[in-house]
Amino acid sequence: MVGFFIILLTGQIFPTMYVAAFFELLWIDLIPAGTFIPPNAIFCVAATMVVVEIYSLSDTSQIFPIMVMTIPVAILFSILEGKQRKAQNKNYNIILQQSRKTAARYNPQSMINSSLIQLLLIYLTVGTAAIYGLVFIYEHLSPYLVHRDYLSWPLLLLMASISALAALRIRKAYFSLVLGLTLVSGYLAWQIFLA
């Protein structure tokens with residue numbers, strides 16, 4: 001969904017859809033169930049596209065390292081959100097006490113609003129700092145990034161779709177997963193050997 005909005009803002013369909021599809025496939029198995037908070041794919045797509053727009057990048061071999069650099073920040077976001085949720089547990093107890101006493105004192109809206117504002121501030125602060133960090137790192141890394149013909153969007157999407165196979169939880173899917181990993185690894189090794 002974030003890819004669609006970025007396309008509306010920038011007018012660039014490619015590589016935005018490739019980046020969005022890559023992260024969607026990569027974490028398709030990680031769904032927010034129970035207390036599990038998956039890595040923040042929205043940040044990965046948005047941050048990657050910010051750096052792509054700043055440097056007017058179009059080559060897959062230049063964009064992929066940025067995508068990889070966003071992954072630790074996406075995991076950090078899930079950790080921070082988990083800590084923020086734990087900090088909000090005391091508010092849950094207050095809401096329980098209020099709801100059991102009198103209906104007039106029961107007002108969870110202020111607590112919900114403050115929790116949402118806290119989360120927004122966390123995302124804005126960490127996200128902005130991370131994007132500045134990505135721009136700084138990419139500026140120093142870009143002279144060492146060379147064009148690689150074998151690194152293409154179909155190959156990256158194939159690699160990310162391995163996660164979708166793992167999500168099936170079927171033995172035959174795992175066989176396909178191992179076979180796919182072997183073939184992709186062999187292809188990459190062959191291309192590197194030829195280069």
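Heads up: numbering here begins at 1 and tracks the sequence.
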Answer yes or no: is there a side-chain heavy-atom contact under 4.5 Å between [X] and [Y]?
X	Y	value
M159	L26	no
W27	I71	yes
L57	I66	yes
F77	V126	yes
L116	L120	no

With rounding to the nearest 0.5 angstrom, report the [atom1] to [atom2] distance, [X] to [Y].
X	Y	atom1	atom2	answer
I13	F4	CD1	CZ	10.5 Å
Q88	Q118	CD	CD	4.5 Å
E81	I37	CD	CD1	4.5 Å
F43	L76	CZ	CG	9.0 Å
I42	E24	CD1	CD	9.5 Å
I122	T125	CD1	OG1	8.0 Å

| message | Hydrogens and angles aside, do S115 and Q84 bring a side-chain donor and acceptor to less than 3.5 Å of each other? | response | yes

| query | Do the side-chain N and O atoms of Y55 and E139 include a donor-acceptor pair separated by under 3.5 angstrom? | reply | yes

Closest approach of [X] to [Y] (non-hydrogen atoms, all atoms of both residues):
X	Y	answer
P38	S78	O-CB, 3.4 Å
V52	P15	CG1-CG, 4.3 Å
C44	A74	SG-CB, 3.4 Å
M67	V19	SD-CG2, 4.1 Å
P65	T60	CD-O, 4.5 Å

| request: Check the pair Y123 / N40 against side chain to side chain contact (heavy atoms under 4.5 Å, CB included), numbers first and verdict last. | output: CA-CA 10 Å; Y123 277 116; N40 193 314; 3.1 Å; yes

| Do the ring planes of F64 and F22 sit parallel (below 30°), tilted (30 to 60°) or perpendicular (above 60°)? | perpendicular

Is [Y] reachable from [X] through a run of I, L, V, M, F, W or Y residues, each pair having side-chain heavy atoms under 4.5 Å apart?
X	Y	value
L157	I28	no
L119	I75	yes
I63	F14	yes
M17	L155	yes
I137	Y132	no

| Just wondering, more than 12 heavy atoms not from L9 lying within 6.0 Å of its CG? | yes

| remark: Paired with T70, the side chain to side chain contact (heavy atoms under 4.5 Å, CB included) test is passed by just one of I131, T48, V51, namely T48

| message | If we check ring-ring contact (aromatic ring centres under 6.0 Å, His included) with H140, which of these qualifies: Y138, Y144, F136? | response | F136

